[in-house]
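Written below as structure tokens is the structure these notes are about.
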Amino acid sequence: CAHLTHELVLNDGFSRMTQGEIAGTLNSALEQLRRSDEAVRRGNLLRIRDGADHWSKHHNVVMYDQGCPWTADGNCSHTPDYPTAGTAGVFALSLMFMESVETV
């Protein structure tokens, strides 16, 4: 998604795809990302029966708790480009990424 978004915004004429092809591929990739994310977290999708939300306490801490448990020391200062990273887990970052890609 990030590469396609970059190509779509850059629009420098060096891409092997047209703007329409890039946009279509980006939409498809974003939909696949959303479905994969939902399958891994919740299950009952893409042949994943039980999602991590149901059986992994560690997953839920990283994904949904405040702070930055994905860093070795839990310190949020490692993410200066996103100063409010500690107010939500990785799931909020994931949603922000997907919404940003969709906006492009």
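To the nearest 0.5 Å, atoms CZ (Arg35) and CD (Glu38) are separated by 8.0 Å. The OG atom of Ser100 sits 10.5 Å away from the CG atom of Leu95 when rounded to the nearest 0.5 Å. The distance from atom NE2 of His54 to atom CZ of Arg49, rounded to the nearest 0.5 Å, is 12.5 Å. Going from atom SG of Cys1 over to atom CG of Leu33 covers 5.0 Å, rounded to the nearest 0.5 Å. With values rounded to the nearest 0.5 angstrom, Glu31 atom CD is found 10.5 Å from Met98 atom CE.
Remark: side-chain polar atoms of Glu99 are not paired, donor with acceptor, to backbone N or O of Met96 under 3.5 angstrom. With hydrogens and angles disregarded, a donor-acceptor distance shorter than 3.5 Å links the side chain of Asn60 to the backbone of Asp53. In terms of modelled atom types and a separation under 3.5 Å, the side chain of Ser28 and the main chain of Gly24 share no donor-acceptor contact.
Note on Arg34 versus Glu102: salt bridge recorded, some NZ/NE/NH1/NH2 to OD/OE distance being below 4.0 Å.
Closest non-hydrogen pair, Ala39 versus Ile48, comes out as O-CG2, 3.5 Å. Ser15 and Ile22 make their closest contact through OG-CD1, 3.6 Å (heavy atoms, listed as atom of the first residue, atom of the second, distance). The two residues Asp37 and Ser94 have their closest heavy-atom pair at OD1-OG, 4.5 Å.
Residues Leu30 and Val9 share a single hydrophobic cluster, defined by chaining ILVMFWY side chains whose heavy atoms lie under 4.5 Å apart. Connection of Phe97 to Leu93 is not established within any shared hydrophobic cluster, with ILVMFWY side chains joined at heavy-atom distances below 4.5 Å, either directly or through further cluster members.
Paired with Leu8 under the rule side chain to side chain contact (heavy atoms under 4.5 Å, CB included), one option of Leu26, Thr25, Val101 passes, and it is Leu26.
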*Derivation and outcome, side chain to side chain contact (heavy atoms under 4.5 Å, CB included), residues Arg41 and Phe91*: CA-CA 10 Å; Arg41 287 184 307 101; Phe91 181 64; 3.3 Å; yes
